[in-house]
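No hydrogens, no waters, no symmetry mates; every other heavy atom, side chains included, goes into these values. In this text, all values refer to a predicted model and were calculated from it rather than measured experimentally.
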Amino acid sequence: MKKLAAIGTLSIVSALTLLSLGGCASAPSAEKLATLPVVTYPDKPAAGGDYIYKLPAGQPIALRMLADGSALDGKVDQTLSTRLGRDLYLHKRWASEDGRHWVDARELIDIHLTLRLPSYESPGPGEMRLSVERKAAP
């Protein structure tokens with residue numbers, strides 16, 4: 001990972017990768033997961049209790065972009081929208097495309113966020129790029 005200087009590029013490790021750093025536990029059994037309620041985006045789960053979170057294919061998914069800080073003249077709060085090409089089921093650090101076969105999320109989806117600020121080496125507009133790649137089915 002590169003460090004962010006006053007001007008430069010920053011690569012951020014994905015949230016899915018960060019979630020997976022908690023050890024090498026095996027996936028919960030399909031039978032156990034089948035008993036959990038499925039909460040479908042954009043719904044939010046009830047307080048407490050375990051659940052499966054489903055991001056359905058083809059449905060708009062909001063991505064909120066925030067920027068603030070003492071070097072900026074004002075705050076930015078914008079929402080962008082995208083869609084997934086396939087259903088994605090999430091349970092803690094586990095992911096599935098069918099809700100039955102579960103793998104470590106890192107084995108299914110790869111996410112990278114890159115921020116490039118305008119600089120001497122890269123004059124002109126800065127860029128924030130979110131890359132979400134589906135890996136080959138395990």
Side-chain angles (χ1 to χ4, degrees):
M1 180 185 307
K2 297 177 184 176
K3 292 184 179 179
L4 178 63
I7 298 174
T9 300
L10 170 69
S11 295
I12 300 175
V13 179
S14 75
L16 293 177
T17 300
L18 291 175
L19 288 173
S20 67
L21 294 176
C24 297
S26 60
S29 72
E31 294 78 23
K32 176 191 180 287
L33 293 175
T35 66
L36 297 177
V38 175
V39 178
T40 302
Y41 177 87
D43 295 340
K44 294 185 179 172
D50 210 357
Y51 61 91
I52 305 292
Y53 199 57
K54 178 182 177 184
L55 299 174
Q59 181 173 331
I61 297 173
L63 299 173
R64 187 173 174 204
M65 199 283 269
L66 305 167
D68 60 19
S70 62
L72 301 177
D73 190 27
K75 294 182 179 184
V76 174
D77 186 346
Q78 294 186 357
T79 301
L80 308 171
S81 181
T82 191
R83 300 170 194 264
L84 291 176
R86 296 177 183 228
D87 288 342
L88 183 61
Y89 296 83
L90 301 168
H91 179 262
K92 299 181 181 177
R93 62 179 270 187
W94 308 102
S96 171
E97 290 182 323
D98 62 9
R100 295 185 311 265
H101 301 94
W102 294 87
V103 296
D104 187 303
R106 293 179 303 171
E107 295 176 27
L108 192 58
I109 300 289
D110 195 22
I111 299 174
H112 295 277
L113 178 63
T114 304
L115 174 64
R116 189 190 76 227
L117 299 174
S119 67
Y120 180 85
E121 292 82 15
S122 181
E127 179 179 274
M128 181 172 29
R129 180 183 180 110
L130 176 64
S131 175
V132 182
E133 300 290 339
R134 179 183 179 273
K135 295 182 177 182

Minimal heavy-atom distance between Asp87 and Pro56, with the atoms involved, is OD1-CA, 3.4 Å
Taking only residues two or more places apart in sequence, or in another chain, which ones meet Leu84 in a side-chain contact (heavy atoms from CB on, under 4.5 Å)?
-> Leu55, Ile61, Leu88
Value for NZ (Lys135) from CZ (Arg106), rounded to nearest 0.5 Å, stands at 7.5 Å
Working to the nearest 0.5 Å, report the span between NZ of Lys54 and CG of Leu90.
-> 12.0 Å
Do you know which two heavy atoms are closest between Arg83 and Pro60, and how far apart they sit?
-> NH1-CD, 3.3 Å
Heavy-atom pair of closest approach, residues Arg134 and Glu97 = NE-OE2, 2.6 Å
Show me the donor-acceptor pairs, under 3.5 Å and distance only, between side chains in residues 70-81 and residues at least two apart or in other chains.
unit_1 : atom_1 : unit_2 : atom_2 : d
Asp77  : OD1    : Arg64  : NE     : 3.0
Asp77  : OD2    : Arg64  : NE     : 3.4
Asp77  : OD2    : Arg64  : NH2    : 2.6

Tell me, yes or no, whether the heavy-atom count around Met128 atom CE, taken from other residues, nucleotides or ligands under 6.0 Å, exceeds 12.
-> no
Once you round to the nearest 0.5 Å, how far does CD of Glu127 lie from CG of Leu115?
-> 9.5 Å
Would you tabulate the side-chain donor-acceptor contacts of residues 29-49 under 3.5 Å, counting partners in other chains and residues two or more places apart, or write 'none'?
unit_1 : atom_1 : unit_2 : atom_2 : d
Ser29  : OG     : Lys32  : N      : 3.0
Thr35  : OG1    : Lys32  : O      : 2.5
Tyr41  : OH     : Ala62  : N      : 2.9

Kindly indicate whether the side chain of Trp94, heavy atoms from C-beta on, has any atom under 4.5 Å from the side chain of Val103.
-> no
Does Tyr51 OH have over 12 foreign heavy atoms under 6.0 Å away?
-> no
How close do Tyr89 and Asp98 get, heavy atom to heavy atom, and via which atoms?
-> CE1-C, 3.7 Å
Gap between atom CZ of Arg86 and atom OG of Ser96 - 0.5 Å precision | 11.5 Å
